[in-house]
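Quick caveat, the model's predicted, so the values are computed rather than measured. Reminder, nothing fancy here: chain letters follow the sequence lines and each chain counts from 1.
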Amino acid sequence: MKYARIKGTNDIYGEEMSYWYMIEESTRKIAKLFGYSEIRTPIIEPTELFVRSVGEETDIVQKEMYTFEDKGGRSITLRPEGTAPVVRAFIENSFINKGFPQRYFYIGPMFRYERPQKGRQRQFHQVGFELFGSESSLADAEVIYLAVKLLKEIGLTKFKVVINSIGCEKCRPQYREALKEYYAKHLDEVCDDCKRRYNTNILRLLDCKVDVEIADKAPRSIDYLCDECKEHYNNLKKYLKMLDVDFEEDHKLVRGLDYYNRTVFEIRHDLLGAQSAIAGGGRYDRLIEMMGGKSVSALGFAMGMERLIIAMKAENVKVPPALVNHVYIAHVGDVIEAALNIAEDLRRNNITVVFDVMERGLRAQLKHADRIGALLAIIVGENELSEDFVVVKDMESGEDSKVDINFVVDFVLDKLKEIM
RNA sequence: GUGGCCAUAGCUCAGCUGGUAGAGCGCCUGACUGUGGAUCAGGUGGUCGUGGGUUCGAAUCCCACUGGCCACCCCA
């Protein structure tokens, strides 16, 4: 093999494409229903953008970024996540002048240098939603509700929503202290990773898979929330119930990106393997100001498209084919102009027409028509044409019909309606 | 970055304790010079992931590397 894909990347084509179309179309549909407009940001950004927003100490920044120097000596990074670029665009283009709230969504590739495994690649794809300007729990509820609606739209049912609140800059320090105090007593019992994280990111000790029991008994962030955060969290739960969104509370849910505050949530799927989170997000009220903008409340989430597809397959979700070849046009002999005209007439009526460009015999043409799954084949031949008709073959039944050349479009439309 | 399993034809795989590569499917052609799917016949197809070592001889044993899958770490 001369050239091969870069490790952790994939070619997406054929049948597989139907899943991608399904997710993309559902995303646009739900976005439209909730009033979110699409934003497309560059795949490359200044390295500093992610270092500042995602957090210097996070694994993403420490070891997972695709970073390189361009010819002008600037440090460039392939985006590892979608929120920071949207926030950058928000600030850079003065979206703030458009009033609040503002709703955006994005779809696109992300890059993280990690060891590939099930549900994880180095180039992966996310759909994400961001809502700017509202501090109200109504916004949190809307975003979570929207995520659930989208998952249902693509046919998933076996997922659960998990929420937590990790407080704000006012109350989190106390909680952090409480955790430190608690874990200080257990430091000799926990695993090496936990010992390391005790200093780097104390919150992450909670979702350790080794020292589960110790984490279970650890202080809970919701017991340390200030009054505002507590009310915010309680309202969120109230609104989610109004919206009929089933959720679980998990006081051990914290998230790896530094910019979150208050609400954090995750949606997990049972049939997925180790990487069970198909969506994750939360509130990031301080991020925009931290990045040099005005103080603007915001929140959002992202879904991993590859993981959604794994979940769809695990749940046996039926997806419509990405491409249906309605009509194949076979031509034999000196009839090309007539055949081209028929193709044009059909396409003008939104019928997919595949035209023979190999100039092979009829047998080979029909074989190809069969292979590409054409519903109908139109045979344009010299004999028939001299009497102003063509043969339309139903590829499923094999039945041939003689059709007047002036009524081909009508006949095909009727026939397609009948068999589709 | 760490660990386990794996790598033979386009695909799925066989190849016993080392003796110089095979099947099924696919693809092409013909039977059928203007009617696909079925059948039959013929054909196409592999530096056995790469490099090194052991050996008279390596797809087979050993080492390294690369890649894949799964898990850890972390995350969508």
Side-chain angles (χ1 to χ4, degrees), chain A residues 1-10 23 54-55 57-65 80-83 107-129 147 151 159 191-194 196-197 200-201 204 207-210 254-257 265-269 272-282 300-311 328 330-333 335 360-385 390-400:
Chain A
M1 194 66 61
K2 191 87 180 188
Y3 296 107
R5 266 172 279 133
I6 297 293
K7 185 188 180 96
T9 64
N10 261 125
I23 293 171
V54 174
E57 298 304 324
T58 59
D59 277 25
I60 291 180
V61 169
Q62 285 291 310
K63 49 185 205 189
E64 295 176 4
M65 294 206 300
E81 61 105 39
T83 297
I107 303 179
M110 306 293 164
F111 303 83
R112 290 183 202 172
Y113 190 85
E114 303 178 272
R115 279 287 276 273
Q117 69 184 74
K118 187 172 187 179
R120 179 156 73 202
Q121 281 118 252
R122 290 185 173 180
Q123 175 175 341
F124 61 105
H125 300 76
Q126 289 187 333
V127 307
F129 288 76
L151 292 176
F159 58 84
C191 66
D192 290 347
D193 282 323
C194 283
R196 178 176 52 79
R197 282 178 297 208
T200 57
N201 193 345
R204 298 225 61 89
D207 59 4
C208 177
K209 282 161 192 157
V210 183
V254 293
R255 297 190 50 76
L257 288 72
F265 73 97
E266 232 171 67
I267 302 180
R268 297 174 190 152
H269 196 99
L272 219 62
Q275 310 304 322
S276 65
I278 52 176
F301 73 90
M303 290 184 178
M305 296 174 79
E306 284 83 356
R307 290 186 188 177
L308 292 177
I309 291 171
I310 293 170
Y328 178 89
H331 51 87
V332 186
V335 297
R360 288 186 289 208
L362 183 59
R363 188 180 150 72
Q365 295 191 55
L366 285 174
K367 196 178 169 87
H368 181 67
D370 183 49
R371 183 194 297 243
I372 64 173
L375 270 23
L376 301 175
I378 296 180
I379 300 164
V380 186
E382 284 175 339
N383 303 343
E384 294 90 338
L385 206 58
V390 296
V391 171
V392 178
K393 177 185 277 295
D394 180 333
M395 293 299 286
E396 171 90 41
S397 68
E399 177 199 356
D400 281 346

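Closest of all the heavy-atom pairs between A/Arg115 and A/Lys7 is CD-CE, 4.4 Å. Among all heavy-atom pairs drawn from A/Arg307 and A/Ala277, the shortest one is NH1-O, 2.9 Å. The minimum heavy-atom distance linking A/Glu81 with A/Gln126 is given by the pair CA-OE1, 4.4 Å. The two residues A/Gly8 and A/Gln121 make their nearest non-hydrogen contact at O-CB, 3.1 Å. Closest approach of A/Ile278 to A/His269, counting heavy atoms only: CG2-CB, 4.0 Å. The shortest heavy-atom contact between A/Ala369 and A/Tyr328 is CB-CG, 3.5 Å.
Between A/Thr9 and A/Arg204, it is A/Thr9 whose nearest contact on RNA chain B lies nearer the 5' terminus.
When the C1' atom is used for both B/G49 and B/C69, the distance is 15 Å, rounded to whole Å. Comparing the P positions of B/U20 and B/A58 gives an interatomic distance of 12 Å, to the nearest angstrom. Taking atom P in both B/C25 and B/C40, one finds a spacing of 9 Å when rounded to whole Å. Between the C1' atoms of B/C48 and B/C72, the separation comes to 33 Å (whole Å). Here, B/A9 and B/U17 have their C1' atoms 27 Å apart, quoted to the whole Å. Comparing B/A59 with B/G19, their P atoms are spaced 10 Å from each other, to the whole Å. Straight-line distance between the C1' atoms of B/G18 and B/U55: roughly 9 Å, to the nearest whole Å. Going from the C1' atom of B/U33 to that of B/C13 covers 40 Å, rounded to whole Å.
If you take NZ of A/Lys118 and C1' of B/C69, they are 11 Å apart, rounded to a whole angstrom. In this structure, A/Leu366 atom CG and B/G37 atom P are separated by 9 Å, rounded to whole Å. In this structure, A/His331 places its NE2 atom 18 Å from P of B/G36, rounding to the nearest Å. Counting to the nearest Å, the C1' atom of B/U35 and the CG atom of A/Leu362 are 5 Å from each other. If you measure from atom CD of A/Glu114 to atom P of B/C70, you get 14 Å, rounded to the nearest angstrom. The interatomic distance linking A/Leu272 (CG) with B/C74 (C1') rounds to 16 Å, in whole Å. Nucleotide B/C74 holds its P atom 8 Å from the NZ atom of A/Lys63, rounded to whole Å. To the nearest angstrom, P of B/G34 lies 16 Å from CG of A/Asp400.
A distance of 7.5 Å separates CG in A/Asn10 from CD in A/Glu306, rounded to the nearest 0.5 Å. Expressed to the nearest 0.5 Å, how far CD1 of A/Ile107 lies from CE of A/Met305 amounts to 5.5 Å. Taking CG from A/Leu362 and NE2 from A/His331, the interatomic distance works out to 11.0 Å, rounded to the nearest 0.5 Å.
The residue A/Gln275 sits close to a base: some heavy atom pair falls under 4.0 Å. Counting non-hydrogen atoms under 4.0 angstrom, A/Met305 reaches nothing in the nucleic acid. Counting any heavy atom pair closer than 4.0 Å across all strands shown, A/Gln365 reaches no nucleic acid atom. Within 4.0 Å (heavy atoms only), A/Glu384 reaches at least one base atom of the nucleic acid. Looking at heavy-atom distances under 4.0 Å, A/Arg5 makes no contact with the nucleic acid at all. The residue A/Gly398 sits close to a base: some heavy atom pair falls under 4.0 Å. A/Gly82 comes within 4.0 angstrom of no nucleic acid atom, judged by non-hydrogen atoms across all strands. Using a 4.0 Å heavy-atom criterion, one finds that A/Glu382 contacts the bases of the nucleic acid, with or without backbone contacts as well. Counting any heavy atom pair closer than 4.0 Å across all strands shown, A/Ile267 reaches no nucleic acid atom. As judged by a 4.0 angstrom heavy-atom cut-off over every strand, A/Glu399 is placed among residues making no nucleic acid contact. Contact annotation for A/Gly333: no contact, since no heavy-atom pair falls under 4.0 Å across all strands. Within 4.0 Å of A/Ala277, counting heavy atoms only, lie sugar-phosphate atoms of the nucleic acid but no base atom.
With contacts defined as side-chain heavy-atom distances shorter than 4.5 Å, the pair A/Met110/A/Pro80 does not qualify. Looking at A/Lys367 and A/Arg360, their side chains never come closer than 4.5 Å, going by heavy atoms from C-beta outward. Within the 4.5 Å cutoff, no side-chain heavy atoms of A/Glu384 are placed close to those of A/Val335. Looking only at side-chain heavy atoms (C-beta outward), A/Glu64 and A/Thr58 stay at 4.5 Å or farther from each other.
Ring-plane geometry between A/Phe301 and A/Phe129 is classed as parallel, the angle between the planes falling under 30 degrees on a 0 to 90 degree scale with a further cut at 60.
Residue A/Lys7 has its side chain nearest to B/G68 when only B/U35, B/G68, B/A71 are considered. Of the candidates B/G34, B/A71, B/C75, B/C75 carries the atom nearest the A/Arg307 side chain, counting heavy atoms from C-beta on. If you check B/G37, B/C75, B/G34 against the side chain of A/Asp370, the one that comes closest is B/G37. If you check B/C74, B/C27, B/G36 against the side chain of A/Lys393, the one that comes closest is B/G36.
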*Which dot-bracket string fits RNA chain B when only Watson-Crick or G-U wobble pairs with both atom distances under 3.5 Å count, crossing pairs get [ ], and | stands for a partner on a different strand?*
(((((((..((((.....[..)))).(((((.......))))).....(((((..]....))))))))))))....

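Atom CD1 of A/Ile6 is surrounded by 12 or fewer heavy atoms from other residues, nucleotides or ligands within 6.0 Å.
At least one side-chain nitrogen or oxygen of A/Gln117 sits closer than 4.0 Å to the OP1 or OP2 atom of B/A71.
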Please enumerate all protein N or O atoms sitting under 3.5 Å from an N or O of nucleotides 3-11 of chain B, with distances to 0.1 Å.
from	atom 1	to	atom 2	distance (Å)
B/G3	O6	A/Arg115	NH2	3.3

Short heteroatom pairs, N/O only, protein and nucleotides 29-32 of chain B, under 3.5 Å:
from	atom 1	to	atom 2	distance (Å)
B/C32	O2	A/Arg363	NH1	2.9

